[in-house]
Each structure stands twice: as C-alpha cells, then as structure tokens.
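Shown next, in structure tokens, is the structure this report addresses.
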Amino acid sequence: MTLLEQIRDRVHHPATAREIAQILRIPREERAAFKRQLKSLVTAGELLQVRGNRFGVPDKMDVVVGKLSTNPRGFGFVVPEQSDGERKDVYIASTNLLEAMHGDRVIARVERETPKGLEGRIIRILERGSQTIVGRFETDPGGLGYVVPFDKRMLTDIHVPTGQSSSAESGEMVLVEITRWPTATRGPVGRVAEVFGRVDEPGVDTQIIIRKFGIPDTHSEDAVEEARQIGGAVKERDIRGRTDFRKVTTVTIDGEHARDFDDAITIERLPNGNCWLGVHIADVSHYVKEGSALDEEAYERGTSVYFTERAVHMFPAELATGLCSLNPNVDRLVQSCLMEVDRRGNVVRYEIHDGVINSDARMTYTDVSAIVTDRDADTIAKYKPLVPMFELMNELFEVLYQRRRRRGSIDFDLPEAEVILSEFGAIEAIVASERNVAHRIIEEFMLLANETVATHLVTNDVPSLHRVHEAPDVKKVMAFEEFITTLGYGLAGGQSPRPKHFQQLIDRMRGTPEERPIAALMLRTMQKARYDAASLGHFGLAAEYYTHFTSPIRRYPDLIVHRTLRLARHDKPFDSRSRLAQGGLTPARREELEEELPETAKHSSEMERRSDEAERELLQWKKVRFMADKVGDEYQGYVTGVASYGLFIELIEHYVEGMVHVSSMADDYYRFVEEQHVLRGENTKKIYRLGDKVAVQVVRVDMERRQVDLGIVEILEAVRREERPKGAVRSKVTPKREQKRAQRPGRRERLAKKGKGGRR
C-alpha cells in the first residue's frame, strides 16, 4: 500500500507530519524519507498543506486539483483530474484567478454551489501549463515591446524588455519564453525565442499551431541516429524463427500520395468456402525497443499529427518511410493476424504470427475501386493476375459489413471535407472527399483485425491497452431524445439505448436536410473514445472487445499492443534490469505492465486529443482565410448549432462553418430555447432550429478571431426595406447582385455609346 493510500485509509483529519508518522507508525530511521515523500505528494497535488503545517487529502477538504481553462471574457474553469462521475468543473471568477494562466495545473477551493454549478477560487499554482507562448510582437508608442498571445484564453500580454526581442518587428508572429511569471502587481515578462514571420506568409500558420499546442516538430539527434543505425534492409538473422509469407500474394492499398505503408493484405478461398484473410502490420516493435530514444520520443508524441499541407510524424522518416514501410518487392518484418471468416462474417479460427512478407504490389484506392466497382477495362488488364484477389476482397467486405450492421454498429458515413491546396499552402477549394469501396474494404479488414487481437488479449489474460468507447450518459440521451422528438423522430431503447437504436435513427434520417446536424448532435451525445488498460468494450462499433493494432508507425498504443502480443507468444524470460529486453510474460513483467499501462493509456488519450484539436484549429483557420475574398456572397447552409448568442451555419458549397450573431437578427428579439435547440422570435414567432436550411450572406471575415460572420438573407433584406423609407444608412455589406447592377451602364449611357440621343 502506498503512503497516500495509507493516509487516506487511516488519517481521518488534516494532520501534521509528526501526527501522520505516529498514526502510520513510521520508524524513526525512515522519517527523513517519509517527510520527503510528503513534500513530493504536496508538489504533485496529491496532498494539500494548510495552516498549522498540516497535510490533508484534497477531495476531503472541498478543494479540487485540476487544469485551469480560461475564457477570453476573463473567467475560467478548473477541470478536475480525478473524476468520480459526480465531481464537476469549478467556475472561477476573474477576481479569483490568483496569478494563474490558461493551462496551469492548480488547486481550487470550492466556496459554494449554485444552480449553475460549483464556484470557487484558486489557492495554489502547482505547475505552469507552458513555458512558451505564441503571439504577435508589437511595440507601444514609447518603443517598449510586448507580445499579444495568439490564444485568446491567455488573458494578458507578455512584456518583452529591451534587447530581448530577437530583432522581431511589429506585426510578426513569435514564440516568447516566459522568464518571469505574473504576480498580483505586474504581468508576465519574457524573451522572444523564435520569430516566425507575418501571419499571412506561407507555412507560418502551421508553425503557430504546432507551437501553440506544444507539438514536437523535430526529432532528437539520438532518435534519428538510432533510426539510421537500423539500416534500410531486413537482415537474415531478423527473419529466423518467423513465419514466411513471402510466397503468398500480398498487396498494400493506400492513397495516391501515401509515403508509408503500414498494413498489407493476403486473402484466399478455403476448400470449405470460408475466406482466409491475413492482415499484416509493419513490426515496428522489432526495431523500437523499450527505453530507447525512439521509444521515449514516440511515447511523448503519442501519435503522428496530420495537417493540411504536412505531417508531424511520430518516428523519423528513416524509419517511417524506410524499414517499417511495407514497400513492394522488398522483404519486410510484420506481425500478422490471420483469420478464417465464415459466410456470416464470424471469425471461426485465427492465428497471430511474427512474420515476413514481400509485397507484390502497391495499390491505390482509385485503382481497386476501378476494378471492383467501375469494371474499368484498362485497369483490369493492367492488374489482371490480381483481379480475382480484389473481387474476393470485395465479396468478403460485403459479408463483414452486413455482420456489423446486424449487431448494430453505428456508421454515419457522412462526406468529409477535403481541402485542395495551392503550392503556397493556401486553400484553392474545399470539396467532399471521395470514400470509395476500396477505402471501406481496408477499413473493414482493419476493424476485424483489431477486434480479433483484442479478443485474443482478453481471453488469454494479457495486460495491454484497449480502445474503449463507453455507453452515452443517460442525461445526454434524454436531452437528445427530447430534441429529436420535436423533429418527428424517436430513439428506441429508452434511457439506455443500444448502438443499433442510434443506427436505426441514422438510417431514417439518411438523405434528409437534418441528417448532418443531428448526426453532429448525436456525436456530442456520445462519450469520447479513449485508451484504457481495461477492456470496456466499444459502444459505437457494438464490439465487446476492441483495440488498436494496425498502425504502430503512427500511434503509440498500437506499438504497446504489438509488444504485449509478442510477450505473450514468447517463452524467453524478461530481464527486468534492462528496459531494452524483449521476452516472455513473467509474473514480474505482468505486475510491471499492470502498473504502467493506466498512465500510458491516459497520456496516449491526451496526446490524441491534442492532435485532433490542433488539426481542427488549423483547418478552421485555413477555411476562414479561404472565405476572406467572399464578403457579400450568398450561400445555402444548414444550422449546425444553436446558442443563446446566435446560430452556427455550415455552408453547403464549401463545408465552412460561420456564425450568425443574434445581434444581426434585427427583425425581432430572439430567445434561446435550450432543450429544443431553437431561437424563437418574440413577436414574429419565427423559429430557427438545428437542421434548418437557410440562405446566408458573408458579412465579415474576422481573421483576428478566425471566424466567418454571416447574416440571414431574409432578415438582412427585411431590415434594408424598413430602413429605405426613413433614409437610414443601408447595410454596409451590399449583395453581389446589387454591386453588379450598380456597375451596369444605364439606358442613357448605352444609347450615348451607340451614338443615339436619349430623352432629355
């Protein structure tokens, strides 16, 4: 039992170090180490030191340890680290923020509970969120420099003393390192560590987002050197003891522009009519050993990050696009999951191997779709020996897809936005991405492999990481059901619907105007998928067991799964003295894994969220830039969100989301009805609800807030009509059709141009 657990169990009030030592019967010779442990627990926020030099457990003292998330309007919330399902975020007024900044790890005292939730004040800053901040360098009239944070949740500018600006010029984006944290009487002070350039220069936006989210952009020299030392070819000694799949026809199927290939497929028809499907995944774990520089960096990153014009990879290119990429016509090491699948899509037998393959072809989604869907004669002729293989893949896909449908797996299948970039990184167009049958074939095969491996881990009691997705919160389900009822829909299953009930609703909405916004609301009703050391099932996939096995080159949890699979397959003892050792799953190694995996799961989930947020923010920024020259244009869009301050509209043509602020809806006073997701006019009784199709005009593009401001066309025109008789100033934004009308020559000018006189 740890010291903290002993204090929780046996010390029933805030006590001094001496009292705790007496209660726990700490021997005198161990008290110096005991006091060091106490201080360490206080530093970590696990214990709270209060008046009288007493130590107490935070959650028994109405205090919360968590991260501070501030709002640009000045207040903040402390999000608890430990949640018992009841503990909620704590609201912190601006006057109670102490000197804390957004992202800091803090202790907050809960002072009261209101109908809106808990309120409190910050009493201690445990750990600063970041030592660096991205922002715009400026100088005041006196020549003193300061940095305006790019993230509006950073509520104060950072003063830059003379000589600490790294020659940055006003208006340039920079990375500032905090050298003195704020106090009650002065703001933060820092020095410019890096100058990016002006915000509209190519590539600067990506650099800003990378720095804002603290994503490592370069690999260490040690990691790169390790990758180089691995070499570029599989050695004969690496193949010994592996299952040889080199004579089996094998293909990879990826996008046209993919540079690394981490999965390959083999398939054949068995004499009994079943399919023998092989999913072969690059064996990254053979090369990346625990405790190595490559492993440490991969853990810290957690995942590769994919931006619109570039990727930040988890591993150096020497590894990602070299020896761990399943390139055609070369030997590559793999971990293989082979499954016998019957006519109902059930896996009736499986095998997991350390293997070696030699891919016969690097196929693209486009080519495979041309073969199995379009029946394109030229493509079929080009890949004639492989065509039967792709036809069998397509047949098995249909079987597997129908199996998932029967058990109720949720499949939104909505078109995603694909960004077309110019050579300078600017968005030229935003179109619906094509997701053809080849994409779905590979997706279905990967899902099956992940599920099969997870089942293997659980049934063999192998400690590992799992991909979990828990059932939605009952209160959120009830609110969702209440809303869709107003649109004429219903969700079967009562307060605890099963996945199939959500899928049935999606099927009923398919092709309707409200499909996309209601699907988005459904996603917000769901829990977020995450990693866990326990197998808790995957609600969205209606899967009892699920993990991530298929992409160890870009996801750290997959690498962990590969390692634990190998440990369970091998009998060699594990040397606990060497973190680089590989071997069997001994009792000591099992205990070590069970202790480490929960923290690895938590960290991997956090890094995944960081990646998602960074990718989403950069894409939104580029979309806003794309709309900059479209002020005055009119579009059709759907209401994707309703709030007290306005409507969120997604444009049908460009997949860009904009905001109609309630202040621009000047034909009435609109009130927000939260449970119905509507804005209702007090006098006109006009209603705007989630899913409504509306005509909007681009009123303003705010690059500072990275937001597109829209106006509803019928309201703008109604307001203009009312203003004209009164001689009032018209809306500053003139519709494009009126601009063109104003530019046309009048009748008199047209006659004059033709040489004819007009009426005088």
Side-chain angles (χ1 to χ4, degrees), residues 206 210 215-219 223-234 238 245 250-266 278-288 292-295 297-337 355-368 418 433 438-439 441-443 445-446 449-450 548-563 604 607-608 611 615:
T206 304
I210 286 173
I215 297 169
D217 193 22
T218 57
H219 293 278
V224 172
E225 183 56 30
E226 278 185 8
R228 285 177 181 154
Q229 286 179 2
I230 289 171
V234 172
D238 293 328
F245 297 104
T250 309
V251 297
T252 60
I253 305 175
D254 294 275
E256 275 79 358
H257 304 295
R259 294 180 59 220
D260 54 271
F261 318 111
D262 53 8
D263 55 79
I265 302 297
T266 58
V279 174
H280 307 270
I281 307 300
D283 192 359
V284 182
S285 65
H286 178 84
Y287 299 106
V288 178
S292 65
L294 284 168
D295 180 56
E297 279 203 10
Y299 174 82
E300 288 303 320
R301 292 165 183 253
T303 179
S304 296
V305 188
Y306 296 93
F307 296 117
T308 47
E309 71 260 49
R310 58 167 292 201
V312 181
H313 292 287
M314 192 170 77
F315 288 112
E318 289 85 351
L319 195 68
T321 60
L323 204 53
C324 288
S325 180
L326 307 183
N327 301 324
N329 305 313
V330 290
D331 291 350
R332 288 292 183 258
L333 305 185
V334 290
Q335 288 206 29
S336 304
C337 179
V356 56
I357 66 167
N358 190 302
S359 175
D360 293 89
R362 177 266 198 266
M363 300 296 298
T364 67
Y365 295 124
T366 302
D367 284 341
V368 174
E418 182 179 354
S433 62
H439 290 87
I441 287 172
I442 294 302
E443 179 183 282
F445 290 175
M446 298 303 115
N450 285 337
H548 273 169
F549 160 76
T550 54
S551 293
I553 202 71
R554 63 183 179 89
R555 291 188 305 229
Y556 193 76
D558 301 54
L559 181 60
I560 293 292
V561 168
H562 277 226
R563 284 176 178 160
S604 297
M607 293 304 97
E608 180 184 57
S611 169
E615 291 171 7

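Taking NE2 from His286 and CG from Asp238, the interatomic distance works out to 3.5 Å, rounded to the nearest 0.5 Å. We find the OG1-CZ distance between Thr250 and Arg332 to be 13.5 Å, quoted to the nearest 0.5 Å. Expressed to the nearest 0.5 Å, how far CG of Asp283 lies from CG of Leu559 amounts to 9.5 Å. The CD1 atom of Ile560 lies 14.5 Å from the NE2 atom of His548; values are rounded to the nearest 0.5 Å. Asp263 contributes atom CG, which lies 5.0 Å from atom CD1 of Ile281 (distance to the nearest 0.5 angstrom). Taken to the nearest 0.5 Å, the CG atom of Leu319 stands 11.5 Å off from the NE2 atom of His313.
No side-chain heavy atom of Leu294 sits under 4.5 Å from any side-chain heavy atom of Tyr287. Counting heavy atoms from C-beta on, the side chains of Phe315 and Cys324 never come closer than 4.5 Å. Side chains of Ile553 and Met314 form no contact here, defined as non-hydrogen atoms less than 4.5 Å apart. Residues Pro552 and Gln335 fail the side-chain proximity criterion, which asks for heavy atoms closer than 4.5 Å.
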Apply side-chain contact (heavy atoms from CB on, under 4.5 Å) to the pair Met363 and Ile265, showing each step before the final yes or no. CA-CA 11 Å; Met363 300 296 298; Ile265 302 297; over 6 Å; no

Check against side-chain contact (heavy atoms from CB on, under 4.5 Å), Arg362 and Asn327: CA-CA 7 Å; Arg362 177 266 198 266; Asn327 301 324; over 6 Å; no

Hey, mind stepping through Ile215 and Asp217 against side-chain contact (heavy atoms from CB on, under 4.5 Å) and telling me if it holds? CA-CA 6 Å; Ile215 297 169; Asp217 193 22; over 6 Å; no

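Classification of the Tyr556-Tyr299 ring pair by plane angle, with boundaries at 30° and 60°, yields perpendicular.
Side chain of Asp295 to main chain of Val288: no donor-acceptor pair is present (N/O by atom type, distance under 3.5 Å, no hydrogens or angles).
A salt bridge is absent between Asp262 and Arg555; no separation between the charged side-chain nitrogens and carboxylate oxygens falls under 4.0 Å.
Between Arg301 and Met607 the shortest heavy-atom distance is O-CB, 3.4 Å.
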